[in-house]
Amino acid sequence: MNNSSLKILIPAAVVTVLIILGFIFFQQARLPAPERSDGGQVKSAHFVDSTPLHGETYVAQPVNTTINFNFDLQEGSKISVTSADGKEWTEGDALIEDQKTALKKNLKQDMPDGGYRVSYTACWPDGSCHEGQFSFKIDSTKKSEYQDLRGKKELTIKMKEVKFDQNKIIISPGTEVTWVNEDNFGHFVNTETHPEHTYYPEQNSRELTKGKTYSVTFQTPGQYNYHCSAHVPEGMVASLIVSN
Amino acid sequence: MFDNKSDGIVSCEVVNKSIIGIVIVVVLVLGAGGIYLATQKSSTPVEDTQSNLKNISPPPTFSTDTSSGGTFKQEDFQNIKSAHYVSSEPANNVLLSTSPSKVTLNFNFNLTAPSKIQVTKDGSDVTAGTTQISEDKLSMSVPINANQTGNYKVAYTACWPDGSCHNGSFGFSVKLP
């Protein structure tokens with residue numbers, strides 16, 4: 001090649017390389033990676049809410065993922081929960097509960113800290129299916145805010161002055177927790193979410209008037225958030241962690 | 001620069017080199033375009049899902065006007081359930097041959113005011129009184145005036161002890177002999 005052709009080819013090549021780099025750069029900057037665990041929420045038809053909620057951070061792992069809808073789920077509906085490395089954390093069959101409005105799948109034990117992506121397919125009576133996604137995190141560093149009450153067989157939590165008197169605790173598997181109402185008006189003990197109460201239905205009381213008690217024995221390690229259905233706006237919420 | 005060759009040959013060579021240069025540029029630009037399209041395509045699943053969401057509204061339902069003696073056609077209602085819904089009387093999509101005097105909804109959690117049921121036929125309110133919550137707080141009912149053949153849509157608001165409320169709806173049909 002002589003000088004004249006180089007004079008054309010070099011600028012042309014430089015410009016072209018810049019164009020390619022420009023395209024790649026803008027692609028990277030503009031598009032969110034769809035599989036990242038801090039990705040956004042995509043709601044399927046009839047979606048209401050979920051446990052964990054989108055963007056929620058748990059201190060210990062949830063025992064399951066539960067998604068609430070306002071319509072009848074059908075066989076074929078499914079849930080997948082993956083960590084950033086792509087590992088699947090659900091186990092067993094997808095469960096349909098609560099008058100066919102709650103889709104649930106249990107989670108394997110020993111989920112590490114990090115982001116998790118939930119992908120689900122919800123199927124309806126006409127055979128159509130819709131997909132959705134959301135994310136949650138586990139960050140065990142905040143466990144220091146919880147009172148360690150492990151090693152007890154029984155434990156009493158007072159509902160007093162519109163509060164649960166021990167609202168962040170760690171207990172051992174097999175501990176029987178008893179809630180007692182010491183206020184002059186009614187309280188409730190209800191599992192997430194508000195108001196569907198579908199995450200751990202075993203932890204759902206009716207109204208407890210003054211002096212009434214309600215007990216639950218917890219076995220599976222994980223985090224259990226709960227609330228008083230009469231006083232959520234007043235912040236009457238609590239969390240307990242079952243841990244070995 | 002162009003030494004001992006004739007003018008004709010030199011200019012021909014220059015033209016050839018320019019053409020080669022232009023061809024290379026075109027090939028590289030097309031390559032860049034290809035890369036752009038490839039990355040673009042890999043991003044489409046999310047966009048597809050989102051565009052699908054625009055099409056999720058329930059299928060259109062229709063009601064046939066029977067007030068002027070037209071043929072009655074039973075409507076297919078979706079049973080959209082609020083939290084804690086258990087059952088209803090009449091049930092969703094039943095076809096009754098007698099007029100029900102009320103609509104009752106059963107739940108598995110404490111209802112509170114201002115829970116409410118509204119029943120309409122062809123868009124007109126046919127409720128005949130106020131919604132009452134049962135003693136045990138697990139059901140509510142409202143009297144209705146359903147003495148005509150037709151499709152009856154039930155829309156309700158269920159409210160919980162902290163005052164939060166959630167909506168649901170279903171329907172039933174009456175075909176009088």
Side-chain angles (χ1 to χ4, degrees), chain A residues 1-5 8-9 12-13 15-17 19-20 22-24 26-28 30-34 39-40 42-46 48 68-72 98-101 124-126 130-133 186 188 190 193-198 204 206-207 227-234 236, chain B residues 1-2 10 13-14 16-18 20-22 24-29 31-33 35-36 38-40 42-50 52-53 55-59 78-87 108-110 112 136-138 158-169:
Chain A
M1 283 191 193
N2 59 29
N3 283 343
S4 69
S5 56
I8 301 167
L9 283 178
V15 166
T16 310
V17 167
I19 290 170
I20 294 171
F23 272 133
I24 293 171
F26 279 110
Q27 279 298 304
Q28 297 288 337
R30 194 169 62 83
L31 290 174
V42 179
K43 298 178 181 178
S44 84
H46 299 294
V48 176
N68 300 307
F69 300 90
N70 67 4
F71 198 40
D72 291 3
D98 197 36
Q99 307 295 322
K100 299 186 182 176
T101 60
W124 311 114
D126 67 356
H130 293 99
E131 292 177 358
Q133 297 179 18
F188 296 78
N190 290 125
T193 47
H194 180 58
E196 291 84 4
H197 312 155
T198 48
N204 275 327
R206 291 290 309 281
E207 184 170 14
H227 60 273
C228 166
S229 284
H231 300 103
V232 170
E234 289 82 359
M236 193 167 171
Chain B
M1 249 186 203
F2 311 124
V10 168
E13 261 186 35
V14 169
N16 277 343
K17 302 276 178 176
S18 328
I20 291 166
I22 289 165
I24 290 170
V25 168
V26 167
V27 166
L28 289 176
V29 167
I35 291 170
Y36 175 81
T39 49
Q40 182 88 323
S42 71
S43 75
T44 49
V46 166
E47 289 170 12
D48 275 354
T49 315
Q50 281 164 351
N52 282 345
L53 291 182
N55 302 323
I56 59 170
S57 52
Q78 279 195 327
N79 192 359
I80 301 298
K81 300 172 175 176
S82 82
H84 300 296
Y85 167 95
V86 173
S87 62
N108 63 11
F109 199 59
N110 291 42
T112 61
D136 66 4
K137 300 178 182 173
L138 294 179
C159 302
W160 312 115
D162 68 347
S164 62
C165 300
H166 294 87
N167 296 334
S169 65

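Here is how names work: the chains are called A, B, and so on, in the same order as the sequence lines, proteins then strands, and each is numbered from 1.
Residues Ile80(B) and Phe71(A) share a closest heavy-atom pair of CD1-CD1, 4.0 Å.
Between the Lys81(B) side chain and the Gln99(A) main chain, a donor and an acceptor come within less than 3.5 Å of each other.
Note that CG of Asp98(A) and CG of Asn108(B) are 6.5 Å apart. Values are rounded to the nearest 0.5 Å. For the atom pair CZ (Phe109(B)) and CG (Asn204(A)), the distance works out to 7.0 Å, reported to the nearest 0.5 Å. In this structure, CZ in Arg206(A) is found 6.5 Å from CG in Asp136(B), a value given to the nearest 0.5 Å.
Ser164(B) places a side-chain heavy atom less than 4.5 Å from the side chain of His194(A). Side chains of Gln78(B) and Asp72(A) form no contact here, defined as non-hydrogen atoms less than 4.5 Å apart.
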- When you look at Phe188(A) and Asn110(B), which way does the side-chain contact (heavy atoms from CB on, under 4.5 Å) test go after all the steps? CA-CA 10 Å; Phe188(A) 296 78; Asn110(B) 291 42; 3.8 Å; yes

- Begin from the C-alpha positions of His227(A) and Asp162(B) and carry the test side-chain hydrogen bond (donor to acceptor under 3.5 Å, both in side chains) through to its verdict. CA-CA 11 Å; His227(A) 60 273; Asp162(B) 68 347; over 6 Å; no

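In this structure, chain B has heavy atoms under 4.5 Å from both the backbone and the side chain of Ser229(A). For chain B, the nearby part of Asn190(A) is the side chain; its heavy atoms alone come within less than 4.5 Å.
The aromatic rings of His197(A) and His84(B) are tilted relative to each other, their planes meeting at an angle between 30° and 60°.
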